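As structure tokens, the structure follows; a few thoughts come after it.
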Protein chains: 2
Amino acid sequence: LIQLKDIYKTYTTGAVSYEALKGITLHIDSGEYVAILGPSGSGKSTLMQIIGCLSTPSSGSYLLDGKEVSQLNRNELAKIRNQKVGFVFQNFNLLAQLDIVDNVALPLLYRGTALAERRRLAKEILKKLGLENHYKHHPNELSGGQKQRVAIARALVASPEIILADEPTGNLDTQSGNDVIQLFEQFTSEGKTVIVVTHDLEIAKRAKRIIHIQDGKIAN
Amino acid sequence: LIQLKDIYKTYTTGAVSYEALKGITLHIDSGEYVAILGPSGSGKSTLMQIIGCLSTPSSGSYLLDGKEVSQLNRNELAKIRNQKVGFVFQNFNLLAQLDIVDNVALPLLYRGTALAERRRLAKEILKKLGLENHYKHHPNELSGGQKQRVAIARALVASPEIILADEPTGNLDTQSGNDVIQLFEQFTSEGKTVIVVTHDLEIAKRAKRIIHIQDGKIAN
Ligand SMILES: Nc1ncnc2c1ncn2[C@@H]1O[C@H](COP(=O)(O)OP(=O)(O)OP(=O)(O)O)[C@@H](O)[C@H]1O
Ligand SMILES: Nc1ncnc2c1ncn2[C@@H]1O[C@H](COP(=O)(O)OP(=O)(O)OP(=O)(O)O)[C@@H](O)[C@H]1O
Ligand SMILES: [Mg+2]
Ligand SMILES: [Mg+2]
């Protein structure tokens with residue numbers, strides 16, 4: 001499903017260039033549950049953004065479901081992303097002006113789902129994450145872990161083929177973290193692909209496969 | 001040093017009131033290293049904001065160094081906060097328009113430290129947290145864990161009496177997390193008070209005392 005070959009990503013700030021990914025080659029099949037581990041600054045979020053079609057590599061090839069996506073423009077990437085990917089961001093990226101039900105319903109809006117059905121599905125996934133008492137709240141009225149769970153709900157609500165979660169349990173107590181991982185395991189049993197970046201070894205151990213990133217490369 | 005008595009905190013959203021803290025009584029001496037544990041949404045950040053003079057309780061008394069601070073206005077609170085408290089926020093609260101050295105130097109600006117000395121001290125603490133290659137970067141050019149370390153550096157740079165850290169290692173790998181806790185332990189050995197909210201039991205175990213919060217109360 002996901003085939004990365006020789007992926008490089010360079011960030012340029014003014015005159016300075018920084019090579020965040022230095023030749024990543026990686027295959028992930030559909031239905032796999034993969035954990036990505038590595039030190040702070042090693043390139044994990046950068047890799048996730050390329051896999052999730054949020055950014056393009058500086059060089060290298062990315063075949064997603066057999067289609068070369070590394071050279072697509074922003075609109076083409078957005079189309080693929082909205083169809084196939086659910087993304088839990090490390091910094092949540094929730095919209096302050098919407099209540100949490102509308103925040104979570106956004107991916108369904110992009111897919112053309114009708115209003116009543118969008119809100120119904122959004123409430124359903126929020127309830128699974130323990131947030132049914134907070135439907136009317138806006139993100140700034142929630143605790144850190146509650147915001148994180150809203151971000152997770154949004155990534156799952158449209159039942160996407162690929163779920164990418166960047167540090168999804170960093171703000172959660174052990175019980176809430178386990179509830180989240182159980183949801184991910186349920187999705188893989190339905191044939192979806194789940195890729196989780198985590199610093200938590202307990203979470204990583206539950207994945208079927210662990211990939212180690214160090215200094216922009218896959219370590220062995 | 002810190003004496004909370006019957007602290008209540010209610011949030012009101014439109015017509016709905018939510019009691020986040022329900023009668024907290026707590027004493028913390030100077031030089032103590034305390035961990036606060038509890039489920040997501042249980043009131044930990046709310047409690048930290050009251051201890052750190054960022055917000056006032058709805059009722060109850062707070063004696064900080066013998067002085068009643070629960071009824072102070074915003075300017076009086078800010079004065080005490082700038083003198084005594086270093087705060088690591090759960091969502092970092094960094095300023096996008098400043099490079100990380102200026103971000104970290106802010107508490108010294110409030111204390112009237114001269115420019116060259118501010119930047120020198122800021123670089124020194126950033127180096128201890130492994131960020132010397134990123135002095136010229138702005139927060140949006142950093143990884144999640146790098147941002148978290150900048151937030152920690154800012155809380156420590158003015159060597160405040162009280163360090164409050166709300167989930168300081170959620171985005172950090174085990175090694176970086178240990179470096180941070182070592183810095184906190186060094187500060188307590190110098191007589192400072194450190195209070196850490198964490199979901200990580202490994203971090204909590206290294207504190208001298210653990211306080212459990214559940215549903216806005218101290219649990220036993
Ligand atoms: N501005 C607000 N308006 C309304 N309710 C709020 C507001 N801020 C926090 N709350 C509620 O108060 C409760 C406690 O929030 P708090 O942020 O203290 O929790 P926490 O223990 O830090 O959680 P976490 O571990 O998820 O960070 C939560 O249920 C939250 O929804
Ligand atoms: N916009 C940017 N401009 C310049 N450098 C960047 C930018 N974004 C990220 N970087 C750098 O690229 C490297 C990798 O960043 P990335 O966010 O992928 O790390 P990470 O493995 O997710 O780290 P963490 O565990 O701390 O979240 C870091 O050293 C970071 O400073
Ligand atoms: Mg990251
Ligand atoms: Mg909190």
Side-chain angles (χ1 to χ4, degrees), chain A residues 11-16 18 20 37-46 48 89-92 94 99 129-131 133-150 166-177 179-180 197-202 204 212-214, chain B residues 11-16 18 20 37-46 48 89-92 94 99 129-131 133-150 166-177 179-180 197-202 204 212-214:
Chain A
Y11 291 112
T12 306
T13 328
V16 178
Y18 181 87
L37 286 171
S40 174
S42 53
K44 306 177 297 296
S45 296
T46 303
M48 290 285 268
F89 292 90
Q90 194 167 3
N91 65 351
F92 315 154
L94 301 176
D99 68 22
L129 285 156
L131 292 169
N133 295 330
H134 298 272
Y135 289 153
K136 289 206 159 59
H137 280 132
H138 287 238
N140 63 327
E141 295 162 335
L142 299 179
S143 77
Q146 288 166 342
K147 287 197 261 267
Q148 190 156 38
R149 283 179 274 157
V150 175
D166 197 346
E167 314 261 7
T169 63
N171 286 288
L172 299 179
D173 54 281
T174 313
Q175 181 57 50
S176 312
D179 295 345
V180 167
V197 167
T198 183
H199 287 304
D200 190 332
L201 293 163
E202 292 304 312
H212 289 273
I213 304 277
Q214 191 147 353
Chain B
Y11 291 112
T12 306
T13 327
V16 178
Y18 181 86
L37 287 171
S40 173
S42 53
K44 306 179 294 298
S45 295
T46 303
M48 290 286 268
F89 292 90
Q90 194 168 2
N91 64 350
F92 314 153
L94 301 175
D99 68 21
L129 285 155
L131 292 169
N133 294 331
H134 298 273
Y135 290 151
K136 289 206 159 60
H137 280 132
H138 287 238
N140 63 327
E141 295 162 337
L142 298 179
S143 77
Q146 289 165 342
K147 288 198 262 270
Q148 189 155 40
R149 283 180 275 157
V150 175
D166 196 346
E167 314 260 9
T169 62
N171 286 288
L172 299 179
D173 54 280
T174 313
Q175 182 56 52
S176 312
D179 295 345
V180 167
V197 166
T198 183
H199 288 305
D200 190 332
L201 292 163
E202 292 305 310
H212 289 274
I213 305 278
Q214 191 146 354

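Every chain is numbered from 1 and lettered A, B, ... according to where its sequence line falls, protein lines coming before strand lines. These numbers come from a predicted model, not from an experiment.
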Inset, instruction - Mind ranking B:Asp173, B:Thr169, B:Val16 by heavy-atom pairs under 4.5 Å with chain A and telling me who comes out on top? - result: B:Asp173

Inset, instruction - Select, from A:Gly177, A:Gly144, A:Gly43, A:Ser42, the one with the greatest count of heavy-atom pairs under 4.5 Å involving chain B. - result: A:Gly144

Legend entry - Per-residue contact mode, B:Ser143 against chain A (heavy atom under 4.5 angstrom): side chain

Legend entry - Step-by-step side chain to side chain contact (heavy atoms under 4.5 Å, CB included) determination, B:Asn133 to A:Tyr18: CA-CA 11 Å; B:Asn133 294 331; A:Tyr18 181 87; over 6 Å; no

Inset, instruction - Report yes or no: does B:Lys44 contribute a side-chain atom to a donor-acceptor pair with the main-chain N or O of B:Gly38 at less than 3.5 Å? - result: yes

Inset, instruction - Heavy-atom distances under 4.5 Å only: say whether B:Ser176 touches chain A with side chain, backbone, both or neither. - result: side chain

Inset, instruction - Nearest 0.5 Å please: distance from the CG atom of A:Asp200 over to the CG atom of B:Asp200. - result: 7.5 Å

Inset, instruction - With sequence neighbours excluded, tell me which residues meet side-chain contact (heavy atoms from CB on, under 4.5 Å) with B:His137. - result: A:Thr13, B:His134, B:Glu141, B:Leu142

Inset, instruction - Drop me the distance from B:His199's NE2 to A:Asn171's CG, to the nearest 0.5 angstrom. - result: 6.5 Å

Inset, instruction - Would you mind telling me which of A:Gly130, A:Gly145, A:Ser40, A:Gly170 has the largest number of heavy-atom pairs within less than 4.5 Å of chain B? - result: A:Ser40

Inset, instruction - Go through the structure and list residues passing side-chain contact (heavy atoms from CB on, under 4.5 Å) with A:Gln214, not counting sequence neighbours. - result: A:Ala219

Inset, instruction - Could you look at B:Gln146 and say if it's the side chain, the backbone, both or neither that has a heavy atom under 4.5 Å from chain A? - result: both

Inset, instruction - Would you mind telling me which of A:Thr198, A:Leu37, A:Leu172 has the largest number of heavy-atom pairs within less than 4.5 Å of chain B? - result: A:Leu172

